[in-house]
There are 2 protein chains.
Amino acid sequence: MPLKHGLLGLLKYKSETGYNLDKSFKYSLGFFWKAQTSQIYRELNKMEKDGWLDSEMIIQVGKPNKKQYAITDAGQEELNRWLHNHESMEWITLRSEFLMKLFLSGDKSLEENIEYLKQYRDTCKVLMKGMEQAGAIIEEQAVALNDKESAFYWELTADYGFDHYTMCLNWATKTIKKLEDKINEKNN
Amino acid sequence: MPLKHGLLGLLKYKSETGYNLDKSFKYSLGFFWKAQTSQIYRELNKMEKDGWLDSEMIIQVGKPNKKQYAITDAGQEELNRWLHNHESMEWITLRSEFLMKLFLSGDKSLEENIEYLKQYRDTCKVLMKGMEQAGAIIEEQAVALNDKESAFYWELTADYGFDHYTMCLNWATKTIKKLEDKINEKNN
DNA sequence: TGGGTCATGTAACCTGTTACATGATTAG
DNA sequence: CTAATCATGTAACAGGTTACATGACCCA
């Protein structure tokens, strides 16, 4: 259950409200694990019931009250257990509706498939550019939280993201060429 | 709901039983979408209720009876709708427990993280080798089903798989070097 | 006066995972 | 005799998605 452990990981740095956790999550772990706001609230609830978190109500004036979560000893233990024990399935990451559709696209026209791949390629380009800028954001955070050691690992994951989208872009480019060649063959 | 559409896609080639669909799925679409056997049976049930499939009981002697599914016109329509309409989220494929763990590994020793990355690297190597052989299997299937046009797209997805695992392998190799350099720096 | 931010969620539904159950046939 | 293959699932639970609800404050 990686979402829970991701939240534990964030709470280890600093106690936080669900609202803020949701935002931090989206700008950090969210790059390789998506979660809805409502799901985060639900998981926090469950984790408190299971004794991984404590919460404290903070009364505010002029603003809605907020509920701040802190990690407990049991939560720390659980986080460490997860960090140090690896299960066989966590490596396998390929899960793609895009590839599934392409696999089943033999009946579509070459032109339509080229269009599809071009959309994919453009999306990859945007995501790759985003990853290029991740380095600067990580630097900022490293200074703000004064944790250079962690930031080193954040950068490694950002590198992965960059390499990933670069690979996708290259694959898409060469694949589009293959389809275009097929059209040319037909016309000659 | 890509699993349903994947099953529709397989049933378009040939009517099949849940048992056989489960096996075909695991050797084709399963490379980029995992599904449990029990889930496949459940989805087939739902799809029949929704009118996307018809089923026929085939009585056998000496073997359990089997239930053969065939795609209906409504199912065909739904498959085409899915194939031709693209939604923004289907591109974003990155979802990785491995990266999440690495992101949160700042408190672990360099040695332990190197060990973790080496395990990852070795897994990637195995999966990459598997993708190299996919070409031959696809060729076989293309002949068996006499559908060269579809096989072309199957190969494109296998190429993606190969490129993906190659990229992961390269990233892991360079990342392990980075960590090893860090250890050497400390010792000097 | 309308939209954004702050801050919380609930309810319903869909999808994915795990564990279990049955029972015959066939190959080693 | 044992394990694999054939062939079907159910039940319970966990995790993910979508839609909806509330209400004040601040800025343009």
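These figures come from a predicted structure and were not determined experimentally.
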Practice item. Would you please test A:E180 and A:I183 for side chain to side chain contact (heavy atoms under 4.5 Å, CB included) and show each step? Key: CA-CA 5 Å; A:E180 284 172 347; A:I183 292 187; 5.6 Å; no
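The existence of a salt bridge linking A:K182 and A:E185 is excluded, since no basic side-chain nitrogen approaches an acidic carboxylate oxygen closer than 4.0 Å.
Contact annotation for B:K46: no contact, since no heavy-atom pair falls under 4.0 Å across all strands. Counting non-hydrogen atoms under 4.0 angstrom, A:T17 reaches the backbone sugars and phosphates but no base.
First and last contacts of DNA chain C with chain B, using any nucleotide atom under 4.0 Å from a protein heavy atom and ordered 5' to 3', fall at C:dT15 to C:dT25.
Summarising the geometry of A:S28 relative to A:S24, their closest heavy-atom pair is OG-O, 2.7 Å, with the distance given to 0.1 Å.
We find that OH of A:Y41 is positioned 13 Å from C1' of D:dT22, with the value rounded to whole Å. The distance between atom CG of A:L29 and atom P of D:dG16, rounded to the nearest whole Å, is 13 Å.
The aromatic rings of B:H164 and A:H164 stand perpendicular to each other, their planes meeting at an angle above 60°, with 30° marking the opposite boundary. Classification of the B:W154-A:F103 ring pair by plane angle, with boundaries at 30° and 60°, yields parallel.
Put simply, A:L21 and A:I58 are part of two different groups of oily side chains (I, L, V, M, F, W, Y) that touch within less than 4.5 Å, one to the next.
Dashed line: the shortest gap from a side-chain N or O of A:Q36 to OP1 or OP2 of D:dG16 is not under 4.0 Å.
Between B:R95 and B:N65, the one whose closest nucleotide on DNA chain D sits nearer the 5' end is B:N65.
Between D:dA12, D:dA7, D:dT17, one nucleotide has an atom nearer to the side chain of B:R42 than all others, and that is D:dA12.
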